[in-house]
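Not measured: the values here are computed from a predicted model. Just follow the structure's listing: the first ligand is 1, and inside any ligand the first atom is 1. In what follows, every heavy atom counts, from backbone to side chain, and hydrogens, waters and symmetry copies are set aside.
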Amino acid sequence: MTSSYSADQIQVLEGLEPVRKRPGMYIGSTGPRGLHHLVYEVVDNSIDEALAGYCTHIEIDINADGSVTVTDDGRGIPTDTHPTTGKSALETVMTVLHAGGKFGGGGYKVSGGLHGVGISVVNALSEWVEVTVWREEKVHTQRFERGIAVTQLIAKPYKEARTGTSVSFMPDTQIFANGIEFDYTTLAGRLRELAYLNASVRITFTDSRLAEPRVEAYYYEGGIQEYVAYMNREKEPLHEEVIFIQGERNGVQIEVSLQWCVDAYSDNLLGFANNIRTIDGGTHLEGLKTVLTRTMNAIARKRNKIKENEANLGGENVREGLTGVISVKVPDPEFEGQTKTKLGNTEVRGIVDSLVGEVLTEYLEFRPHVADSILDKAIQAFKAAEAARRARDLVRRKSVLESSPLPGKLADCSSRDPSESEIFIVEGDSAGGSAKQGRDRQFQAILPLRGKILNIEKTDDAKIYKNTEIQSLITALGLGIKGEEFDPSGLRYHRIVIMTDADVDGAHIRTLLLTFFYRYQRALVDQGYIYIACPPLYKVERGRNHYYCYSDREMTNLVQHEFPANANYTIQRFKGLGEMMPTQLWDTTMNPQTRTLKRVEIEDAAEADRIFTVLMGDRVAPRREFIETYGSRLNFTDLDI
Ligand code: 0RA
């Protein structure tokens, strides 16, 4: 029959073959990020069940064999026969692309954007999946291999009243070429974030790969209000209570929490839409920024903090020292931009604006002392910004920031195409000399910095603009003014590589530079323009052969396990980049064919802010505690940021 023929065709089109052919289209990449998305995808289904009001506890286990199990106490995936496929609903959800959402259940699915592709994608990209569903006094199980059911759906009586779903999966090594090892910190960070974003959902995370399993539980009745308190725990708050605003308009749920701190100069606003962090912002954050500026100016005038003839506070001034989270749940989210992390729904802007305006105004009317503290800080920021502007104008007049000559010590590359150009920021003139001789001048530029750069965490803007090292950085890179919208079109290089010595001083300078980028124009970090070079620590020579080793472990392994026991060899430890011959530096650290570059990625924005506060701020006690905890691991890539 023609009709069943065409139904079969549709079935083929919606099967999982395209997912295995082009996995990147569905999970972004087949690297570590894509691998971890598999877990998030399965957890999102349980979170949806919790948001629908049927699930209170989600358990995530990394099993001893490296597979992952996600178990919830929701209603369980339906197991009855699906009318169009003739298969059980469970098998349909697992084997048909985008079938997940079609099984009503009321409410809307909030997962979306980066993941939200459906549990069938996880099935397609796993060596095996086993699903268990407790429903209607039965326990149902089914096994799949590389997306294909290899058993029937088996149902057995189950006397207890339990309901829920458990999904175990082993990622497919044929798909994930870089391996299938899950990173504890990465998963823990996201699971904790999900627990904050979804108040009162209990999330338990166990890593059973270790002899002694590691268990953590995340449960926050206060939701994002507790999240802000957690982010600010090393800082001194300007007001005790974290401001919390919650409401729903036109089907859009909004939650906002805000707390200003005394010694903080930057703002740290995190946006989420449907539980996904919107790194590139969007209408929810735009609405929030607008309403904060308008509300605080209105209150300032009402309380006579700003006189009639005086100018309004700027948004920047109002947000100085603010830590905030806005989380919106939108029925039909539009995610825009290259990385699909910018919320596009235009209606959200006005909804956030009106709701937050009303609630915040009333909140502060009842707490005039809180309003005054925030305003006093904003007015101080306003005055400091005026001073900074004067300093900047001074700098401008010297035409450093605008149409400025490039700094004299910059050895620029010949290419004018930023997408192929790289700049190496190097510590000291001698390393700078080696790098200049060793580079490929077609696309590699070198900027040597003298000594330590300013600690931006402890300085105001006026000083920042007067600092010559920072001026060089800003002009060489083609950056704009601090805090202004990042404009990547001005950027002169799309790879900004920090190349410092592999010692404590080098690590310190690297931290100072990262702090500068993070605080000055965070988009550079968020959008992945910042890299760290990995120079070797040792050169080992044996006979006519030589080897470069990039860690102590690599060196020990080489001489103890790769060489014969009685081998003669010499070990040279590089004390600094300046000790390397230009060709050595090229071969080991700069040549794109042979080098390793680490891209700086901030997976966990809340942690990143805290780490910079602790590492670079004034308070000694938390810094000592932090260094004692992390010891020699004080390395940003180790910390996942
Ligand atoms: C569709 C409909 C119903 C529940 C679910 C899906 C569901 C899916 C997953 C995936 C992981 N955990 C889950 N929990 C529930 C509602 C079924 C009903 O009406 O009983």
Problem - Qualifying residues under side-chain hydrogen bond (donor to acceptor under 3.5 Å, both in side chains), relative to D267, sequence neighbours excluded - result: none
Practice task
Can you label the angle between the Y196 ring and the Y230 ring as parallel, tilted or perpendicular, going by 30° and 60°?
Solution key: tilted
Practice task
Only one of V356, V359, V328, L355 passes side chain to side chain contact (heavy atoms under 4.5 Å, CB included) with V256; say which it is.
Solution key: V356
Completion exercise
Quick note on ligand 1: atoms under 4.0 Å from a heavy atom of R135 include exactly 17 (C), 18 (C), 20 (O)
Practice task
Using distance alone, determine whether D72 and ligand 1 share an N or O pair under 3.5 Å.
Solution key: yes
Problem - E136: partners by salt bridge (charged side-chain N to carboxylate O under 4.0 Å, His left out), with sequence neighbours left out - result: none
Exercise for the section: Identify, by atom number and element, the atoms of ligand 1 in contact range of I77, meaning under 4.0 Å from any of its heavy atoms. Expected result: 8 (C), 9 (C), 10 (C)
Handout entry: Per-atom contacts, ligand 1 versus N45 - under 4.0 Å to a heavy atom
Key = 10 (C), 11 (C)
